[in-house]
Protein chains: 2
Amino acid sequence: MIEDTDRLRAEARAEILKALAHPTRVYIVDLIQREGPYCVCQLTERIGADTSTVSRHLTVLKSAGILKDRKEGTTVYYSLGCDCINDFMTGLESLLRARHLRDTRRFDAVIQR
Amino acid sequence: MIEDTDRLRAEARAEILKALAHPTRVYIVDLIQREGPYCVCQLTERIGADTSTVSRHLTVLKSAGILKDRKEGTTVYYSLGCDCINDFMTGLESLLRARHLRDTRRFDAVIQR
DNA sequence: TGCATTATTGGTCATTTAACCAATTACGCC
DNA sequence: GGCGTAATTGGTTAAATGACCAATAATGCA
């Protein structure tokens with residue numbers, strides 16, 4: 001059986017990962033990372049989903065500490081919760097590249113025979 | 001609307017993240033990362049779930065390229081799919097630390113008043 | 001005050017996920 | 001061949017997720 005400390009540790013990590021594990025949420029984080037803070041209506045327009053849907057995605061990201069918000073009148077701006085998001089996404093990128101490389105090699109191997 | 005390239009990019013990233021977004025799967029990856037390859041029955045014993053459940057988790061991780069497997073008789077050993085997993089998990093760790101720091105500060109702020 | 005805009009929350013419903021048990025496959029050994 | 005062990009796959013069910021519409025704040029302005 002898993003020890004309590006290990007279990008809690010795994011749950012904490014999974015919680016963060018779950019918050020990011022959706023195409024729309026990855027897109028939002030990527031966008032804000034590259035271009036700075038965005039408000040809900042701007043994101044809604046970009047994404048092309050219902051405002052409520054986007055708002056809920058943002059709530060998920062905020063709860064996980066990945067984004068933070070700042071009110072300005074009636075609009076709410078979302079920005080990165082911390083700089084370490086950048087490193088994290090870089091790590092994800094290299095994981096993706098490694099996977100792509102492996103797939104390509106496997107594809108080549110199939111072709112060659 | 002999101003451009004096709006951006007959408008596909010977000011989906012590919014989310015796919016990787018989804019594969020890791022479960023406490024048991026995070027635990028498995030962490031364990032293998034620290035102690036090397038494990039077979040299904042060893043993992044099953046450690047985790048305390050049904051063999052089929054563990055096997056399915058491993059399939060998810062393998063499909064995402066996070067783990068790879070190697071057969072040896074009737075047992076199947078799972079190991080890391082690539083070294084970059086280490087960097088990725090390090091990034092996740094610092095994200096978690098940042099979050100914890102922020103939570104702690106907020107808690108302190110509440111206590112102090 | 002009345003109205004428009006921005007965002008969040010309640011409600012519903014379809015899809016996905018993940019658990020278990022049971023059945024099957026694959027291999028090694030007697 | 002028959003048996004035991006290891007792992008995967010089929011089937012079912014409960015829970016979680018995510019989408020939309022509708023309703024409700026909350027704010028700014030005429």
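Per chain, numbering begins at 1; letters A, B, ... match sequence-line order.
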Compare every heavy atom of [Y] with every heavy atom of [X], then report the nearest pair and how far apart it is.
| X | Y | result |
| --- | --- | --- |
| A/C84 | B/L95 | SG-CA, 3.8 Å |
| A/G91 | B/F88 | C-CD1, 3.8 Å |
| A/H100 | A/T104 | O-OG1, 2.7 Å |
| A/V26 | A/L20 | CG2-O, 3.1 Å |
| A/R25 | A/A19 | NE-O, 2.5 Å |

(message) Whole angstroms only, please: what is the CD-C1' distance between B/Q42 and D/dT5?
(response) 14 Å
(request) Please assess B/R13 against A/Y27 for the test side chain to side chain donor-acceptor pair (under 3.5 Å), listing each intermediate value before the final yes or no. (result) CA-CA 9 Å; B/R13 291 175 163 209; A/Y27 178 77; over 6 Å; no
(request) Taking atom CD of B/E11 as the centre, report whether more than 12 heavy atoms of other residues, nucleotides or ligands fall under 6.0 Å from it. (result) yes
(message) Are more than 12 heavy atoms, taken from residues, nucleotides or ligands other than A/E35, located less than 6.0 Å from that residue's CD atom?
(response) yes
(message) Taking 4.0 Å as the cut-off, does a side-chain nitrogen or oxygen of B/Y78 come that near to OP1 or OP2 on D/dT8?
(response) yes
(message) Of all nucleotides in DNA chain C that come within under 4.0 Å of a heavy atom of chain A, which is furthest toward the 5' end and which toward the 3' end?
(response) C/dT6 to C/dG11
(request) Within residues 49-76 of chain A, find the residues that approach DNA chain C with a heavy atom at under 4.0 Å, and present them sorted by residue number. (result) A/T51, A/S52, A/S55, A/R56, A/T74, A/T75, A/V76
(message) Quick check on DNA chain D: between B/V40 and A/A21, whose nearest nucleotide comes earlier from the 5' end?
(response) B/V40
